[in-house]
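Notes follow the structure.
Residue numbers begin at 1 in each chain, while the letters A, B, ... track the order of the sequences.
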There are 2 protein chains.
Amino acid sequence: MGRGKIVIRRIDNSTSRQVTFSKRRSGLLKKAKELAILCDAEVGVMIFSSTGKLHEFSNTSMKSVIDRYHKAKEEQQLTSPISEVRVSLAPLANLSNLNFY
Amino acid sequence: MGRGKIVIRRIDNSTSRQVTFSKRRSGLLKKAKELAILCDAEVGVMIFSSTGKLHEFSNTSMKSVIDRYHKAKEEQQLTSPISEVRVSLAPLANLSNLNFY
DNA sequence: CTGACTATGTATAAACT
DNA sequence: TAGTTTATACATAGTCA
């Protein structure tokens, strides 16, 4: 997107890497927000720049997302420790609606 | 983006919400990956669909990202409990291996 | 429901200020 | 070096198979 096509590979020039980071971080956070709203999803995004600065987005709270992530992972372990299946508990109740692929 | 402009608001129709979720989730994860590579950033994304299914991306490991997130937050508290400044300790700082989970 | 297709809206690489 | 502009590449909404 933009005047020229680019290859997805680390940008060597520190200045343009910083500029690109700023633009794309903004775009990513916007997309995350849109996804959360449009699709009624819970979304958490954490980004550390190469200089160590943190940027984040969460439509609920990052704590909530992280807790839910751990629960989902835990459930994954209990359910199928070997497979790649990624399933969380439905938002309290509705156990019958779990989708196993 | 697409044939028509849309308003960012929860999609009521369950089927199209699911279709949009699938498309945009894919796009978001791709963008996250590109940002991480292009800008040499550490990125973590967690997404729970409205049916509770987890989707994630991390260019390192989610554990690493979450740990770093907590450290950054902690440092934020120590440094400026009131301000909005979001700065993490440089990657090597290694204050202590706090276990939040 | 799962995938293409493609017209159109958006994000953004470069250029410029 | 941050903000603005613009041409272009990319993502995707609506549609159809």
> Does the pair A:Gln18 and A:Ile11 meet the rule for a side-chain contact (heavy atoms from CB on, under 4.5 Å), with working shown?
Replying inline: CA-CA 9 Å; A:Gln18 145 65 29; A:Ile11 297 169; over 6 Å; no
> Given the rule in the side-chain contact (heavy atoms from CB on, under 4.5 Å) test, do B:Lys53 and B:Phe21 qualify, once you have shown the distances and angles that lead to the verdict?
Replying inline: CA-CA 12 Å; B:Lys53 195 169 173 184; B:Phe21 178 75; over 6 Å; no
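Ionic pairing of A:Lys63 and A:Asp67 is present here: one or more N-O contacts between side-chain nitrogen and carboxylate oxygen are shorter than 4.0 angstrom.
B:Phe21 has its CZ atom 15 Å from the P atom of C:dC1, to the nearest Å. As rounded to whole Å, 13 Å separates atom P of C:dA15 from atom CG of A:Asn13.
Atom CG of B:Asn59 is separated from atom CD of B:Glu42 by 6.0 Å, given to the nearest 0.5 angstrom. We find the CG-NZ distance between A:Leu29 and A:Lys33 to be 10.0 Å, quoted to the nearest 0.5 Å.
Within the structure, salt bridge (charged side-chain N to carboxylate O under 4.0 Å, His left out) pairs that include any residue of residues 1-14 of chain A comprise A:Arg10-A:Asp12, A:Arg10-B:Asp40 (at least two apart or interchain).
When the local axes at the two ends of the helix from C:dT2-D:dA17 to C:dT17-D:dA2 are compared, using 5 base pairs at each end, they differ in direction by 30° after rounding to 10°.
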>> Each nucleotide in nucleotides 9-17 of chain D should get exactly one letter: B, S or -. Can you fill that in based on protein heavy atoms under 4.0 Å?
In response: BSBBBB---
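Within 4.0 Å (heavy atoms only), B:Ser16 reaches no atom of the nucleic acid at all.
A:Leu54 and A:Phe57 fall into different hydrophobic clusters, where Ile, Leu, Val, Met, Phe, Trp and Tyr residues are linked whenever their side-chain heavy atoms come under 4.5 Å apart, directly or through other members.
Among A:Val65, A:Val45, A:Val43, the single residue meeting the side chain to side chain contact (heavy atoms under 4.5 Å, CB included) criterion with A:Ser58 is A:Val65.
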